[in-house]
A.B. asks: 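Below you'll find the structure I mean.
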Amino acid sequence: MDGVHLQSDLDGVRGSEATLVGRLSVGFDPDADSLLPGWSVGHVLTHIARNADSVAGMIEGALAGRVADQYPGGFEGRAAEIDAGAGRDRDALVEDVHTSGDRVLRLAADVDAPTWANGRGRVVSGDEFPLWRILVSRWREVEIHHVDLGLGYRPVDWPADFVARSLPIRLAEVNARRAPDEQFTIPAITTAGTGTELDGPAYEVLAYLFGRGSLPGHPDLAF
């Protein structure tokens with residue numbers, strides 16, 4: 001179990017949720033286009049809220065000794081919930097983001113060490129993963145989709161601790177999908193092996209690996 005990071009991940013989620021809600025308080029148009037093709041700002045906010053519900057459900061399942069599905073309705077159920085909630089007014093969307101995110105924070109604060117170590121959740125693809133990873137996963141959802149809203153928050157605004165925590169995880173995820181001769185390396189992280197070196201500010205490299213930015217001399221990633 002990656003217990004060393006549990007408290008810092010929880011603190012990170014709490015800080016990122018507060019930053020997001022604070023930005024939403026200045027006003028926005030729910031029907032405006034987001035940076036995600038085909039999704040409005042309302043779609044992205046609804047996704048952030050429903051992701052929080054999915055995280056809370058998996059935590060509750062683990063506390064009850066069972067492996068809960070992240071989205072019981074699968075990919076189609078997730079899409080339907082997002083479409084159903086996207087057209088709400090601004091106040092309803094902000095309240096949903098706030099209350100669903102707060103539920104995650106309250107549940108996570110009460111999880112004991114054995115549950116963090118042994119609990120599991122089942123993501124929408126059907127794969128199971130250890131419960132302790134759920135906090136950094138939620139942190140990532142909030143930070144990435146905050147950028148996707150297109151409301152002025154950019155990768156350069158990502159907290160340094162979020163970037164440092166996420167970069168090696170995302171590098172491993174991306175390399176797992178690539179051929180051995182197409183692996184990426186990052187000087188500050190990769191200590192062995194050969195491959196295509198990604199260099200530049202850490203937040204820019206992370207944005208590139210998430211498909212939220214470009215790096216000079218490298219083709220954009222397709223996922």
A.B. asks: Please test Leu209 against Ile186 for side-chain contact (heavy atoms from CB on, under 4.5 Å), starting from the C-alpha separation and ending with a verdict.
C.D. replies: CA-CA 11 Å; Leu209 292 175; Ile186 298 175; 4.2 Å; yes
A.B. asks: Under 3.5 Å, side chain of Asn175 to main-chain N/O of Gln183, donor-acceptor pair present?
C.D. replies: no
A.B. asks: On a heavy-atom basis, which atom in Leu151 and which in Arg23 lie closest, and how many Å separate them?
C.D. replies: O-NH1, 3.4 Å
A.B. asks: Does Val44 belong to the same Ile/Leu/Val/Met/Phe/Trp/Tyr cluster as Tyr71, with side-chain heavy atoms less than 4.5 Å apart forming each link?
C.D. replies: no
A.B. asks: Walk me through whether His43 and Thr46 qualify under side-chain hydrogen bond (donor to acceptor under 3.5 Å, both in side chains).
C.D. replies: CA-CA 5 Å; His43 281 91; Thr46 302; over 6 Å; no
A.B. asks: Cation-pi check, Arg170 to Phe210: give yes when NZ or CZ is under 6.0 Å from the six-membered ring centre and within 45° of the ring axis, no otherwise.
C.D. replies: no
A.B. asks: Rounded to the nearest 0.5 Å, what's the gap from CG on Leu198 to CD1 on Ile189? Could you check?
C.D. replies: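 It is 9.5 Å, given to the nearest 0.5 Å.
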A.B. asks: Give the C-alpha distance, both sets of side-chain angles, the deciding distance and a yes or no for side-chain contact (heavy atoms from CB on, under 4.5 Å) between Arg138 and Glu17.
C.D. replies: CA-CA 10 Å; Arg138 174 59 183 170; Glu17 295 269 10; 2.9 Å; yes
A.B. asks: Taking it one step at a time, do Val147 and Trp158 satisfy side-chain contact (heavy atoms from CB on, under 4.5 Å)?
C.D. replies: CA-CA 9 Å; Val147 171; Trp158 282 337; 3.5 Å; yes
A.B. asks: Rounded at 0.5 Å granularity, tell me how far CG in Leu206 sits from CZ in Arg165.
C.D. replies: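 Between atom CG of Leu206 and atom CZ of Arg165 there are 12.5 Å.
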A.B. asks: What's the shortest heavy-atom distance between Arg88 and Pro30, and which atoms?
C.D. replies: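 The pair with the smallest heavy-atom distance is O-CB, 3.9 Å.
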A.B. asks: Report whether Leu20 and Leu105 are members of the same hydrophobic cluster (ILVMFWY, side-chain heavy atoms less than 4.5 Å apart, transitive linking).
C.D. replies: no
A.B. asks: May I ask you to say whether Glu143 pairs ionically with Arg212, meaning some side-chain N is under 4.0 Å from a carboxylate O?
C.D. replies: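 No, Glu143 and Arg212 are not salt-bridged.
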A.B. asks: What are the two closest heavy atoms between Leu10 and Ala109, and how far apart are they?
C.D. replies: CD2-CA, 4.1 Å
A.B. asks: Is it the case that the side chain of Ser100 and the backbone of Ala52 share a donor-acceptor pair, with hydrogens and angles ignored and the cut-off at 3.5 Å?
C.D. replies: no
A.B. asks: Within the side chain of Asp102, is there an N or O that forms a donor-acceptor pair under 3.5 Å with the backbone of His98?
C.D. replies: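 A pair under 3.5 Å: no.
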A.B. asks: Within a radius of less than 6.0 Å around CZ of Arg154, do more than 12 heavy atoms belonging to other residues, nucleotides or ligands occur?
C.D. replies: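 Open: at most 12 neighbouring heavy atoms sit under 6.0 Å from CZ of Arg154.
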A.B. asks: List the steps and the verdict of side-chain contact (heavy atoms from CB on, under 4.5 Å) for Thr19 and Asp157.
C.D. replies: CA-CA 11 Å; Thr19 299; Asp157 300 313; over 6 Å; no
A.B. asks: Return yes if a side-chain donor-acceptor contact under 3.5 Å exists between His5 and Ser8, otherwise no.
C.D. replies: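 No.
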A.B. asks: For the CG atom of Leu149 and the NE2 atom of His47, what is their distance to the nearest 0.5 Å?
C.D. replies: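 So the CG of Leu149 and the NE2 of His47 are separated by 10.5 Å.
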A.B. asks: Taking side-chain contact (heavy atoms from CB on, under 4.5 Å) as the test, write out the residues that go with Arg133, two or more places apart.
C.D. replies: Phe129, Pro130, Ile169, Glu173
A.B. asks: Would you give the length of the straight line joining atom CD of Glu141 to atom CG of Asp148, rounded to the nearest 0.5 angstrom?
C.D. replies: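 Spacing of CD (Glu141) from CG (Asp148) equals 9.5 Å.
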A.B. asks: If hydrophobic clusters are built from ILVMFWY residues whose side chains come within less than 4.5 Å, do Phe28 and Trp39 share one?
C.D. replies: yes
A.B. asks: Do Asp96 and Arg50 have side chains that get closer than 4.5 Å, going by heavy atoms?
C.D. replies: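 Result yes, sub-4.5 Å side-chain heavy-atom pair found.
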A.B. asks: Working to the nearest 0.5 Å, report the span between CG of Asp69 and CD of Glu128.
C.D. replies: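 Rounded to the nearest 0.5 Å, the CG-CD separation comes out at 9.0 Å.
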A.B. asks: Between atom OG of Ser137 and atom CZ of Arg140, what is the distance when rounded to the nearest 0.5 Å?
C.D. replies: 6.0 Å
A.B. asks: Return the minimal non-hydrogen interatomic distance between Leu131 and Ala62, and the atom names on each side.
C.D. replies: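 Leu131 and Ala62 have their closest heavy atoms at CD2-CB, 3.6 Å.
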A.B. asks: Quick one: sort the Phe184 and Tyr208 rings into parallel, tilted or perpendicular, breaks at 30° and 60°.
C.D. replies: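 If you compare the ring of Phe184 with that of Tyr208, the planes turn out perpendicular.
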A.B. asks: Return yes if some donor-acceptor pair links the side-chain N/O of Ser16 with the main-chain N/O of Val142 below 3.5 Å, else return no.
C.D. replies: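 Looks like no, no N/O pair under 3.5 Å.
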A.B. asks: For Asp220 and Ser214, which I'm curious about, is there any donor-acceptor pair between the side chains at under 3.5 Å?
C.D. replies: yes
A.B. asks: Check whether Phe162 and Leu6 end up in the same hydrophobic cluster, where Ile, Leu, Val, Met, Phe, Trp and Tyr are linked by side-chain heavy atoms less than 4.5 Å apart.
C.D. replies: yes
